[in-house]
Amino acid sequence: MLDTVVRCAACDGYGWIDDEETHAEIECKWCGGIGYVYRDERGVSRRIPESDYTALADTLERLEVERLREIGYTGAPKKPWEQEIRKNKT
């Protein structure tokens, strides 16, 4: 059976966590900053290797949209060149 892609339990899909000592946001060491991990049929999670990112791009995008909807985001993603804040940079 193939591993399933699931939200990282350590960072809840954010890709970062708050460092309690410095109050800084640091990259999640469990998922490597992407917010998702592989989970096998026994429930064991492991980091997704970077070499798998391209093949999983659609799955990761779908999961991220689902996560954003859960936290109340209702907009649609924009490419960097479509973002107003980037258009006004000189």
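Model, not experiment: these values are computed from the prediction.
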- Glu70 atom CD: more than 12 heavy-atom contacts under 6.0 Å: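 Count over threshold, so yes.
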- Does Asp19 CG have over 12 foreign heavy atoms under 6.0 Å away?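 Yes, enclosed.
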To the nearest 0.5 Å, tell me how far [X] [atom1] sits from [Y] [atom2].
X	Y	atom1	atom2	value
Thr59	Tyr53	OG1	OH	14.0 Å
Ile34	Arg47	CD1	CZ	9.0 Å
Leu56	Glu61	CG	CD	12.5 Å
Asp18	Glu25	CG	CD	5.5 Å
Glu66	Ile71	CD	CD1	13.0 Å

Minimum heavy-atom distance between [X] and [Y], given as atom pair plus value:
X	Y	result
Val37	Cys31	CG1-CB, 3.8 Å
Trp16	Cys11	O-CB, 3.5 Å
Val5	Ile48	CG1-CD1, 4.0 Å
Arg39	Ser45	NE-OG, 3.0 Å

- Message: Taking Val6 as the starting point, is it possible to reach Trp30 by hopping between hydrophobic residues whose side chains are less than 4.5 Å apart?
- Response: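 Hydrophobic grouping puts Trp30 with Val6.
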- Side-chain (Tyr36) to main-chain (Leu63) donor-acceptor, under 3.5 angstrom: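 The answer is yes, because a donor-acceptor pair under 3.5 Å joins these two groups.
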Residues [X] and [Y] bridged, charged N to O under 4.0 Å:
X	Y	value
Asp12	Arg7	yes
Asp40	Arg46	no
Arg67	Glu64	yes

- How about Tyr38 and Pro49: do any of their side-chain heavy atoms sit closer than 4.5 Å?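 Side-chain contact under 4.5 Å: yes.
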